[in-house]
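Note that the numbering runs from 1 along the sequence shown for the chain.
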Amino acid sequence: KLSGGSVVPQGLLRINATLGFGRRHLTPQLSRFALAYPEVEVQLQLSERPVNLVEQAFDIAIRFGEQPDARITARKLADNRRFLCASPAYIKRRGLPAVPRDLHEHSCIVLRESDEIYGSWHFRSGARQETVKVRGQLSTNDGDGAVAWALDGHGIVLRSEWDVAPYLRSGRLCRILEDWTAPPADIYLLFATKSHLQARTRAMIDFMLDAFSEHRKESRANRSDSDLYW
């Protein structure tokens with residue numbers, strides 16, 4: 001369909017994203033997209049397991065970390081640091097670790113994720129690196145549940161910035177070991193590598209890159225690394 005010499009985005013667009021990020025950050029943006037592009041039908045599927053874009057016929061997937069597959073194009077949607085956090089009540093009761101290996105003496109809330117060895121947390125500070133095998137009374141495959149337990153004072157959690165920033169701002173959670181960094185889990189838009197994208201796919205990619213631009217480092221020239229990006 002042409003309008004003013006250009007193709008109007010229309011038709012079905014299938015998107016896959018993770019549960020927590022999809023619910024909290026993607027759904028509101030898709031509401032805005034639907035108003036801007038009324039002829040595009042959007043199907044959003046949320047799942048924790050990665051999907052095969054080509055085999056499962058998704059136009060776009062939003063995932064953490066780049067995908068090493070030449071058939072897939074990855075565009076960074078947002079930077080995503082990961083922070084160690086605990087509630088003030090936990091810190092008052094158990095004290096603060098001084099270095100990562102001190103986590104052996106603490107209750108850690110472990111997220112069971114497929115992309116890393118269960119219970120192994122990796123840290124870097126300058127030239128120093130440490131990997132710590134952590135444990136605690138509570139573990140889950142649900143990020144929201146892990147954060148809820150941390151808020152209730154059950155232990156230390158390692159979570160994405162987008163997930164914990166509101167609680168860090170309010171003081172319900174506090175950052176721990178701020179001199180050490182965990183590997184980031186930057187957020188990427190994934191789509192099949194093609195010479196010509198459908199107008200609806202291109203419209204969605206451009207819309208999302210614009211919507212999340214403030215969450216990418218190149219758009220934060222006047223912000224410190226100590227600032228919360230989310």
Side-chain angles (χ1 to χ4, degrees), residues 1-82 115 143-144 147 159-166 169 184-223 225 227-230:
K1 182 174 180 178
L2 299 177
S3 175
S6 61
V7 178
V8 174
Q10 62 175 342
L12 176 62
L13 188 69
R14 301 186 72 233
I15 302 174
N16 178 273
T18 58
L19 289 166
F21 184 81
R23 278 195 302 258
R24 200 165 309 157
H25 295 286
L26 188 59
T27 302
Q29 298 301 339
L30 290 178
S31 182
R32 292 177 55 234
F33 180 88
L35 294 174
Y37 296 94
E39 295 189 45
V40 178
E41 177 189 350
V42 178
Q43 284 185 1
L44 173 64
Q45 182 188 87
L46 301 181
S47 64
E48 286 308 326
R49 289 185 177 276
V51 297
N52 185 303
L53 277 173
V54 178
E55 291 179 7
Q56 295 177 253
F58 283 101
D59 300 290
I60 294 173
I62 296 175
R63 290 283 153 183
F64 299 88
E66 289 190 74
Q67 308 297 305
D69 189 334
R71 298 174 302 166
I72 302 299
T73 298
R75 295 285 304 277
K76 186 190 280 190
L77 186 67
D79 297 330
N80 181 37
R81 301 174 295 180
R82 294 195 298 167
D115 62 344
D144 287 351
V147 172
R159 287 302 292 144
S160 293
E161 181 178 1
W162 64 262
D163 205 16
V164 296
R169 287 195 182 93
D186 294 338
I187 304 165
Y188 286 85
L189 273 172
L190 308 176
F191 50 96
T193 302
K194 296 178 179 177
S195 58
H196 180 71
L197 288 173
Q198 295 272 9
R200 58 182 177 268
T201 305
R202 170 55 59 196
M204 179 64 75
I205 293 167
D206 290 344
F207 183 92
M208 287 297 170
L209 289 173
D210 180 67
F212 287 91
S213 62
E214 67 182 76
H215 300 300
R216 293 191 296 277
K217 189 172 184 179
E218 63 267 21
S219 302
R220 297 191 306 269
N222 298 320
R223 295 176 65 176
D225 278 348
D227 292 338
L228 290 172
Y229 301 165
W230 289 87

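- The two residues R202 and R75 make their nearest non-hydrogen contact at NH1-NH1, 4.4 Å.
- Considering only heavy atoms from C-beta on, H25 stays 4.5 Å or farther from I187 through its side chain.
- The nearest pair of heavy atoms linking V51 to A61 is CG2-CB, 4.4 Å.
- Taking both residues in full, the closest heavy atoms of I72 and T193 are given as C-OG1, 3.2 Å, listed atom of the first, atom of the second, then distance.
- Residues K194 and T201 form no side-chain contact, since every pair of their non-hydrogen atoms from C-beta on lies 4.5 Å or further apart.
- A donor-acceptor pair shorter than 3.5 Å cannot be found between the side chains of E161 and N80.
- No donor-acceptor pair closer than 3.5 Å links the side chain of S160 to the backbone N or O of W162.
- Counting only heavy atoms from C-beta outward, the side chains of F33 and M204 approach each other to under 4.5 Å.
- M208 places a side-chain heavy atom less than 4.5 Å from the side chain of L189.
- A donor-acceptor pair is defined here as one N or O able to donate and one able to accept, closer than 3.5 Å; no such pair exists between the side chain of R71 and the backbone of L53.
- Nearest heavy atoms, Q29 versus A211: OE1-CB, 3.4 Å.
- Rounding to the nearest 0.5 angstrom, the gap separating the CD1 atom in I60 from the CG atom in N16 is 11.0 Å.
- Side chains of E48 and T18 form a contact here, defined as non-hydrogen atoms less than 4.5 Å apart.
- Atom OG1 of T27 sits about 13.5 Å away from atom CZ of R32, to the nearest 0.5 Å.
- When the options K76, R82, R81 are evaluated for a salt bridge (Lys or Arg N to Asp or Glu O under 4.0 Å) with D79, the one that passes is K76.
- F21 contributes atom CZ, which lies 10.5 Å from atom CG of D163 (distance to the nearest 0.5 angstrom).
- Between the CD1 atom in I62 and the CG atom in L26 there is a gap of 4.0 Å [rounded to 0.5 Å].
- For the pair D144 and R24, the salt-bridge criterion is met [side-chain N within less than 4.0 Å of a carboxylate O].
- Put simply, the side chain of R200 gets close to the backbone of Q10: a donor and an acceptor are under 3.5 Å apart.
- For the atom pair I205 CD1 and L197 CG, the distance stands at 5.0 Å (nearest 0.5 Å).
- Here the straight-line distance linking atom CG of L35 with atom CG of L30 works out to 11.0 Å at 0.5 Å rounding.
- A74 and L190 get closest at one heavy-atom pair: CB-CD2, 3.5 Å.
- Taking every heavy atom of both residues into account, A203 and P9 meet most closely at CB-CG, 3.8 Å.
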Between R216 and L209, does a side-chain contact (heavy atoms from CB on, under 4.5 Å) hold up when you go through it step by step? CA-CA 9 Å; R216 293 191 296 277; L209 289 173; 4.0 Å; yes
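- No cation-pi contact links R63 to Y188, judged by a cut-off of 6.0 Å to the six-membered ring centre and 45° from its axis.
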